[in-house]
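Since the structure comes first, as structure tokens, the remarks are kept for the end.
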Amino acid sequence: MADITVSLPDGSERTLPSGATAADLAADIGPGLARDAIAAVVDGTGCDLAVPLADGATVEITTPGSDRGLETLRHSTAHVLAQAVLGLWPGATFAIGPPIDHGFYYDFDLPDGATFDPEDLETIDERMREIIAADQAFVRGESDVAEALEIFADHAYKREIIEKVTSGGAAGDLADEAGAGGVGEQLSYYRNGDDFVDLCRGPHVPSTGRLGHFALQKVAGAYWRGDETRPMLQRIYGTAWSTGKDLRGHLHRLAEAEKRDHRRLAAELDLVSWPEVLGPGLAVWHPRGATVRKIIEDYSRSRHEAGGYDFVFSPHIAKSVLWETSGHLDFYADSMYPPMEMDGASYYPKPMNCPFHVTVFQSSQRSYRDLPKRYFELGAVYRYELSGAIHGLLRSRGFTQDDAHIFCTREQVADELASLLDFTISVLKAFGFDDFQAKLSTRPEEKSVGDQELWDLATDGLRSALESAGLAYEVDEGGGAFYGPKIDVDVTDAIGRPWQLSTLQLDFNLPERFGLEYIGADGARHQPVMIHRALMGSIERFFGVLLEHYAGAFPAWLAPEQVRVLPVADVHQDYADQVLARLVDEGFRATVDPADEPLGKRVRSAKTAKLPHVLVVGDDDVANDTVGDNARGADKPERDLPLDDFVERLAALVAERR
RNA sequence: GCCCGAGUAGCUCAGUUGGCCAGAGCAGGCGCCUUGUAAGCGUCAGGUCGUCGGUUCGAAUCCGACCUCGGGCUCCA
């Protein structure tokens, strides 16, 4: 019997008897790996451990700790979920159940339109653990289409997947999502236990006993294939990990993220509220929230002033003709608030600022010497978001864009984009973000406007702007709007979550629709290029992201109340007032909390309100012009600090925006 | 908009199988206490139990519709 030789990822080679499987290879490498192995990657393709290896193959053993291993683990857990549900609900059918970040889900259609209760999750969880305890083998099978259709005769969604997968073409996405396997006419499926089989590309762990560190999380509705015209399925989400420790860690992180929820913090810190009488998605800003917002806006304005922008203002409503010209009524009407009828005209609340800025550009004849024109406005817009999409400040129906529109010549596009991107990153950094991820979206396949030369010019301009800024980016081919390519910038927050904030968007459409022009050096009329740029995106949303990023503990320069002075007893009240007067005089936001309550209580209140500095003043301080500074994050209070030193220190922090 | 879940005082929550005037803690008012670093004591006030309708001798509790919120889907700054 001839031996086979396979290569390992480190470049080394192993010789095994012919017919050896990936599991045999793992065992040959070592008992530890044999125990850990759950799947393999053979020549770049995920495979079960049971697959026989071909001579000359490159093989990597998959272990649970790796990304691929976790994916396999989660996918196998999803199968067990489906097995449990199908066993518990006779007549139920199932759709797709892929691994996702941190876990998995599976979509079901229960008989007679039944739905899952949260309590059902416990029942399902118990059944899943029985299946896992039974250590059932996952057994791969393959068949042609006809046979597959027969195996899944009772499962309409699986049959639909089989038909899509084998008809090729655009169904690739679905096949990926479904994990359904098949090249050409061959389809694969996996059985475990006596009565469960699922269409699947694999690979899977060898047996259910390898699973177990999972938790079912929630029930949700999800449209079949994400299409709102299709049936609504019942989706169960779960999380799964290779060890109990990882699972507990993940659940702990979720709990921590919940504590940062900006809606909770907005209420606890008295920043913002959403009175029911206003309607969904509409917030009011309380003094403390408004203070932070004002600092954000003031900083934004000062940067724009220094950055060569012209400030403009525009009304909240305009007649329908503006929105007809801009095209919003054609493309965007569903997201617009309905019109108000007045004096025979229809006035729409604005969902965007751009048409107004266009009219400013049009207000006089423009020369190439005037360009680029950069108009900036903190413009409040109103969008009729779907009720289910509204989410605190992160997605609301009324919000304020830090909106700029740049009108420039084709020749200026590249330089302009580069400086816009630098400006954007520089401002975001000032707010404590230092981890960015960008996405470049290029011309869509389908219909789009503008000549190819212009698209190339703009797309190249965006790309070189990204490169000169040194930003990591990915390319979304064909992901641009019909009217131009764009860059979106995400920031990563303190606990690693990405937030899309900025967008740089070329627009070849509005200049055409509004007939914009400027007089070139050649004396002829030319059409300017228009760039939309939102930096924070929405001030409300940006504030919400900052709130979550800092978990409510705003740095001193942003904190609504920077210092609270606590006299130890009534006799220290006068001195506390003097300290306060000095702080206010220095331009700090400070208050005094009189000695009506015990000191410990007042310290606690100030700490709960996440103040950066709590100053305690007593006999020693009155005598020596000092304060006791209990700074947020410090191990212990600092006593006998000269007031002058404290002022100097705080001023430095604020100046450095820390 | 669609699916599931939830709405009891400003906030966080109790409220047994429908049955005496709906409770607590925190926050708030008042009084006492005068305090050196994360909750001093007492007292008072505060709720048409989301709204409307239904079932019942009787509804916070059961049913329906609507409103709002939460988690998803879709969408998106």
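Keep in mind it's a predicted model, so treat the numbers as computed, not measured. Order of the sequence lines sets the chain letters (A, B, ...), proteins ahead of strands, with each chain counted from 1.
- Nucleotides B:C26 and B:C2, compared at atom C1', are 39 Å apart to the nearest Å.
- Remark: the separation of the P atoms in B:A6 and B:G50 is 13 Å, to the nearest Å.
- Checking each of A:Asp629, A:Asp621, A:Asp620 against A:Arg639 for a salt bridge (Lys or Arg N to Asp or Glu O under 4.0 Å) leaves exactly one that passes, namely A:Asp620.
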Write out a two-atom table: protein N or O, nucleotide N or O from nucleotides 49-53 of chain B, distance below 3.5 Å.
none

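- Residues A:Arg497 and A:Glu256 are not paired through a salt bridge, judged by the lack of any N-O separation under 4.0 Å between the basic side chain and the carboxylate.
- A donor atom on one side chain and an acceptor atom on the other are found under 3.5 Å apart for A:Asp577 and A:Gln573.
- Within the 4.0 angstrom heavy-atom criterion, base atoms lie near A:Ser387.
- Counting only distance, with no hydrogens or angles, the side chain of A:Ser273 and the backbone of A:Pro275 share no donor-acceptor pair below 3.5 Å.
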Between the protein and nucleotides 44-46 of chain B, list the N/O to N/O atom pairs that are separated by less than 3.5 angstrom.
none

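- Pair check for B:C41 finds B:G31; Watson-Crick or G-U wobble, both atom distances under 3.5 Å.
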Please tabulate the protein-to-nucleotide N/O contacts below 3.5 Å involving nucleotides 73-75 of chain B, giving atom names and distances.
from	atom 1	to	atom 2	distance (Å)
B:C73	OP1	A:Tyr237	OH	3.4
B:C73	O4'	A:Gly221	O	3.2
B:C73	O2'	A:Tyr223	N	3.1
B:C75	O2	A:Arg395	NH1	2.9
B:C75	O2	A:Arg395	NH2	2.5
B:C75	N3	A:Arg395	NH1	3.2

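- Only the P atoms considered, B:G58 is 16 Å distant from B:G53, to the nearest whole Å.
- Using C1' as the reference atom, B:A65 and B:C21 are 32 Å apart when rounded to the nearest Å.
- Summarising the base pairing, B:G1 is matched to B:C73 through a Watson-Crick or G-U wobble pair whose two defining distances lie under 3.5 Å.
- If you look at A:Tyr384 and A:Tyr332, their ring centroids are not closer than 6.0 Å.
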